[in-house]
Amino acid sequence: MTDRPPCLKNTCVRRTLNRYLDMLDKQPFEGRSKRLTDRILPKHFPELFSPREPGEDDVTWHHLTQLEALGIVTFERTRSRGIGSDAPWEHTRIVIAPEGEPLMRDWLDRPVVDEESLRWQEALVPLRHAFKAPELIKPANLGRLTQYKPAAVVERLARIPETLAASPLTLYQLSAQLFWGDSKALKGKERLLDQLFSIQVTQMLSRPVLIEGTYRPGAEGILLVENMDTFLAASNGQIKSAENLTILFAQGFKGTTSRIRTKGMARFYWSDSPFPESDWLNHFHESWFGTSKFLGPIYYFGDLDPAGLSIYRQMRTTFPELEPWKTGYKALVKALERGHGHPLALADKTNQGSLPDTGCAWMEAHVIPVMRETGLCIDQEFFLN
């Protein structure tokens, strides 16, 4: 920070500079190159026109003129005749030098408003009343919506409640209808919509989770797997240790755990043959949606990396009876101990954070320590080898 000049201690100087920065921040960036002028009038310079004590006007003027010496402003007289007896600040205007803005911001610790953020703020002004939390409409929260013009995006966001009132839509349908056919414009923005409008909005937007299953007559339990290749291999009978289990797979377990056991929010599609018997299927649906207990154990098998462990932790919240599929996890742990796996610090893993607490005593005792000791992670597809 540049050393602050003594004149900055003067109340009028600080107030004046802050007011100028407020004026600059309200200007469109396209107009920033134009010079900013301000007439010296009693409203904004009371110390000059109504001093509270003798000499306050002269002291204040002295400090203001120091800004001119520092290259921040210049003074121009607005009259050239009949002003000999007037005070030097009368009939005078201040011209703010564009090159003085960085110094003012440095002295007052007021960094320039980000250009993109300012454009979104300006676009929001006429429609602020349409949102419960308009301050959340900013580039950091909008993802791919920032590729469109701010005014158009804000106007379409404001239309969401009336659009849904006319016809319930999924998040992707709503996105495509309002945002130029871009079905992914609102992807991952459910929480933002909750905050901008109300919880009912995203309840209407939620679409069912599609769960694919392979039924095994007389199966001793159910196995949920994280990745599609593992599901297909188990369904095709390529995983002998899973032949006595009914296999289930849903694309993106992590993002669906909040609604995967809600009636109407989970739809099952059974691949291969045979199709589940009606009695088994009825009891399965009752168990899945929480009206009865599963007939046998229900297992989970996922990747041994921070993301996979987080999914398992969330799934345990949704399925309190969920157990780790030890056959698969033990095989992956042995692979880690033999040096198979890839470092947790790899570029595509760095955003996953440190190893989370799964809440499962067996995983914490037999799996997590090996991951920490080796510094490796491994995906469940390795088990297929």
Side-chain angles (χ1 to χ4, degrees), residues 190 202-203 206-216 218-235 239 241-271 276-277 279-333 352 355-368 371 379-380 383:
E190 292 91 340
T202 52
Q203 286 176 340
S206 295
R207 61 181 183 178
V209 182
L210 305 184
I211 304 169
E212 191 169 1
T214 296
Y215 170 69
R216 299 280 166 70
E220 298 174 2
I222 295 170
L223 174 62
L224 310 178
V225 296
E226 180 182 346
N227 299 331
M228 183 180 290
D229 281 2
T230 308
F231 167 75
L232 293 174
S235 297
I239 303 179
S241 51
E243 286 183 336
N244 64 337
L245 298 171
T246 292
I247 314 298
L248 298 177
F249 166 77
Q251 186 71 41
F253 271 129
K254 184 176 183 179
T256 61
T257 53
S258 63
R259 63 186 190 278
I260 200 170
R261 298 191 75 177
T262 302
K263 203 162 189 177
M265 284 289 103
R267 295 183 183 176
F268 294 90
Y269 296 85
W270 300 96
S271 60
E277 298 112 349
D279 288 346
W280 184 93
L281 191 58
N282 288 336
H283 190 278
F284 170 79
H285 284 160
E286 290 174 357
S287 304
W288 189 273
F289 297 118
T291 57
S292 68
K293 294 185 178 181
F294 287 98
L295 290 174
I298 178 168
Y299 302 104
Y300 182 80
F301 182 42
D303 296 336
L304 285 188
D305 61 19
L309 296 175
S310 294
I311 295 172
Y312 178 51
R313 179 183 60 196
Q314 292 181 31
M315 292 294 285
R316 278 177 52 83
T317 301
T318 305
F319 296 87
E321 61 273 78
L322 193 66
E323 303 175 28
W325 191 50
K326 295 179 182 178
T327 300
Y329 283 122
K330 284 179 179 179
L332 294 183
V333 167
Q352 295 189 19
L355 297 179
D357 181 358
T358 63
C360 171
W362 185 84
M363 293 286 283
E364 297 301 319
H366 300 282
V367 177
I368 307 299
M371 296 179 70
D379 296 334
Q380 65 174 184
F383 177 77

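Computed from a prediction, not measured in an experiment: that's the story for all the values here. Count residues from 1 along the sequence.
- Residues Phe249 and Leu232 form no side-chain contact, since every pair of their non-hydrogen atoms from C-beta on lies 4.5 Å or further apart.
- Put simply, the side chain of Tyr299 does not reach to within 4.5 Å of the side chain of Thr327, judged on heavy atoms.
- Counting all heavy atoms, side chain and backbone alike, Gly218 lies closest to Tyr215 at N-OH, 4.3 Å.
- For the atom pair CG of Leu245 and OG1 of Thr214, the computed distance is 11.5 Å after rounding to the nearest 0.5 Å.
- In terms of heavy atoms, Asp379 sits closest to Leu332 at O-CD2, 3.9 Å.
- Taking every heavy atom of both residues into account, Glu226 and Asp303 meet most closely at OE1-N, 2.7 Å.
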side-chain contact (heavy atoms from CB on, under 4.5 Å) evaluation trace for Leu355 with Met371: CA-CA 9 Å; Leu355 297 179; Met371 296 179 70; 3.8 Å; yes
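- Counting only heavy atoms from C-beta outward, the side chains of Ile247 and Ile239 never approach each other to under 4.5 Å.
- Side-chain contact between Tyr329 and Phe383: absent, with no pair of heavy atoms (C-beta onward) separated by less than 4.5 Å.
- Under a 3.5 Å cut-off, the side chain of Arg313 and the backbone N or O of Cys360 do not form any donor-acceptor pair.
- Panel note: side chain Asp305, backbone Ala307; a donor-acceptor pair is recorded below 3.5 Å.
- Proximity of a side-chain donor or acceptor of Glu323 to a complementary backbone N or O of Pro297 within less than 3.5 Å is not detected.
- In terms of heavy atoms, Gly359 sits closest to Glu364 at N-OE2, 4.0 Å.
- Under a 3.5 Å cut-off, the side chain of Arg216 and the backbone N or O of Thr246 do not form any donor-acceptor pair.
- Side-chain atoms of Glu321 do not come within 3.5 Å of backbone N or O of Ile298 as any donor-acceptor pair.
- Trp325 has its side chain within reach of Ser241: a pair of non-hydrogen atoms, C-beta onward, lies under 4.5 Å apart.
- Arg261 contributes atom CZ, which lies 9.0 Å from atom CE of Met315 (distance to the nearest 0.5 angstrom).
- Phe231 approaches Leu248 most closely through the heavy-atom pair CD1-C, 4.2 Å.
- For Phe284 and Phe268, the ring centers are positioned less than 6.0 Å apart.
- Interatomic distance, Lys263 NZ to Glu286 CD, rounded to the nearest 0.5 Å: 8.0 Å.
- Separating the CZ atom in Phe319 from the OH atom in Tyr312 is a distance of 12.5 Å, to the nearest 0.5 Å.
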Full working for side-chain contact (heavy atoms from CB on, under 4.5 Å) between Tyr269 and Leu210: CA-CA 7 Å; Tyr269 296 85; Leu210 305 184; 3.8 Å; yes
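- Residues Val367 and Thr358 form no side-chain contact, since every pair of their non-hydrogen atoms from C-beta on lies 4.5 Å or further apart.
- Between Phe301 atom CZ and Lys326 atom NZ the span is 14.5 Å, to the nearest 0.5 Å.
- Going from atom OG1 of Thr318 over to atom CD1 of Ile311 covers 12.0 Å, rounded to the nearest 0.5 Å.
- Residues Val333 and His366 are not in side-chain contact: their nearest non-hydrogen atoms beyond the backbone lie 4.5 Å or more apart.
- Nearest heavy-atom pair across Ser271 and Glu212 is CB-OE2, 3.4 Å.
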